[in-house]
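First comes the structure, then the notes that go with it.
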Amino acid sequence: MSLNQKISDWQGRRVWLVGASTGIGLACAQALRAAGAQVVVSARNPQGVAQWAEQDTGVQWRALDVCDGPQVQATAQALLAEGSLDMVVYAAGYYQAQRASAMDLAEMLKHDKVNYQGALQVIDAVLPGMLAQGRGHISFLSSVAGWRGLPNGLAYGPTKAALTHLAETLYLDLQDQGIDVSVVNPGFVATPLTAQNQFTMPALISPEEAAREMLKGWAKGQFDIHFPKRFTLWLKLLRVLPYRLYFPLVRRFTGL
């Protein structure tokens, strides 16, 4: 059963992607543009996005630091003044592996500020407009790392768990308001963030494949869009295991 409106026709739809200068966010922006959407891309650094925007009238670039609340509000208001937003995708993310034996509070708080608080800033800026128009879609790029506690995920995992929980609660609150909500939970994707991992990443996929899976999920009206299934379905199983089984299994397979 579809939990959201199915979106297969992107022609004329206006999508704001926050945190899309590289990786999954950028690949998703490019896939949406190829499908006919009008895309607005925001991030702190333009990298290759600004040049792309200059060459395509269907692409806009708006520099944005999600940690700067007033800037988020100003950017959202400027975009809304130009027209309504059909979808907002929060793809901003920060990741540094961390374990409790080398806990770094400043790094943990930075993860929270970008991965979770930044999402709150964006929601606060766009939700009133969506409620007023009685339609829209908010999608969060979370991670399977937020499904259960994992080694090296001390700073990253809890923020993604919070993001998934936020999406679930927003869905319940907004489903009768005409606003759809979805959460994207990728496995390992070859991005600048995962490039720092010093271990073999199972079922590693490209950002382009991740973007295709996201569009497939939206086309099916899914709330929980997770991929690749050959990896994420096993993690779904781990979510329901009792701790007396889960902890030994994680130690065995990670060696940590």
Side-chain angles (χ1 to χ4, degrees), residues 7-8 10 13 15-53 55-56 58-64 66 87-97 111 114-115 118-119 122 137-147 153 156-157 159-160 163-164 167 182-220 222 224-233 235:
I7 309 175
S8 55
W10 292 94
R13 294 184 186 269
V15 185
W16 185 22
L17 297 104
V18 180
S21 59
T22 62
I24 300 175
L26 177 57
C28 183
Q30 293 172 335
L32 286 169
R33 179 61 190 133
Q38 301 291 310
V39 300
V40 183
V41 182
S42 289
R44 284 187 304 170
N45 302 312
Q47 298 183 344
V49 182
Q51 185 177 3
W52 176 40
Q55 298 172 350
D56 188 337
V59 181
Q60 290 187 51
W61 161 255
R62 298 292 181 93
L64 180 66
V66 296
M87 176 181 278
V88 175
V89 181
Y90 189 80
Y94 179 72
Y95 167 67
Q96 290 289 328
H111 280 74
V114 175
N115 296 349
V122 172
H137 189 130
I138 301 171
S139 191
F140 300 96
L141 183 57
S142 188
S143 170
V144 296
W147 284 355
Y156 183 74
T159 64
K160 293 300 185 177
L163 201 60
T164 297
S182 60
V183 61
V184 181
N185 288 298
F188 290 110
V189 182
T191 69
L193 293 184
T194 58
Q196 65 182 290
N197 287 335
Q198 300 298 312
F199 56 87
T200 300
M201 292 176 278
L204 182 68
I205 63 174
S206 69
E208 291 73 23
E209 184 176 350
R212 289 193 293 271
E213 292 294 333
M214 291 168 70
L215 267 67
K216 287 179 184 177
W218 292 325
K220 294 177 181 178
Q222 294 176 340
D224 177 20
I225 303 170
H226 61 93
F227 52 83
K229 296 293 193 300
R230 63 185 183 278
F231 178 62
T232 57
L233 288 177
L235 294 181

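We use all heavy atoms of the structure for the numbers below, so side chains are in, but hydrogens, waters and symmetry mates are not. Quick note: residue numbers are just sequence positions, from 1. Since we're looking at a predicted model, the values are computed, not measured.
- Scanning for side chain to side chain donor-acceptor pair (under 3.5 Å) contacts around Asp56 gives Arg33, with sequence neighbours left out.
- The side chain to side chain donor-acceptor pair (under 3.5 Å) check on Thr22 picks up nothing, with sequence neighbours excluded.
- Thr159 is linked by a side chain to side chain donor-acceptor pair (under 3.5 Å) to Asn115, counting only residues two or more places apart in sequence or in another chain.
- In this structure, the separation between CD1 on Ile24 and CG on Leu17 is 12.0 Å, given to the nearest 0.5 Å.
- Here Asp224 contributes atom CG and Ser142 contributes atom OG; the two are 9.5 Å apart, rounded to the nearest 0.5 Å.
- The CH2 atom of Trp218 sits 5.5 Å away from the CH2 atom of Trp10 when rounded to the nearest 0.5 Å.
- Under the side-chain contact (heavy atoms from CB on, under 4.5 Å) criterion, Leu235 pairs with Val144, Trp147, Phe231, Leu238, sequence neighbours left out.
- For NZ of Lys220, the number of neighbouring non-hydrogen atoms (other residues, nucleotides, ligands) closer than 6.0 Å is 12 at most.
- Separating the CG atom in Leu32 from the CD atom in Gln30 is a distance of 10.5 Å, to the nearest 0.5 Å.
- Atom-to-atom distance recorded for Arg13:CZ and Gln38:CD is 13.0 Å, nearest 0.5 angstrom.
- A 4.5 Å side-chain heavy-atom check between Val183 and Ile225 finds every atom pair outside the cut-off.
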Show every donor-acceptor pair shorter than 3.5 Å between a side-chain atom in residues 209-217 and any protein atom, with sequence neighbours excluded, or say none if there are none.
none

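- Residues satisfying the salt bridge (charged side-chain N to carboxylate O under 4.0 Å, His left out) criterion with Arg62, sequence neighbours excluded, are Glu82.
- For the pair Val66 and Val18, the minimum side-chain heavy-atom distance is below 4.5 Å.
- Residue Ser182 holds its OG atom at 8.0 Å from CD1 of Ile7, rounded to the nearest 0.5 Å.
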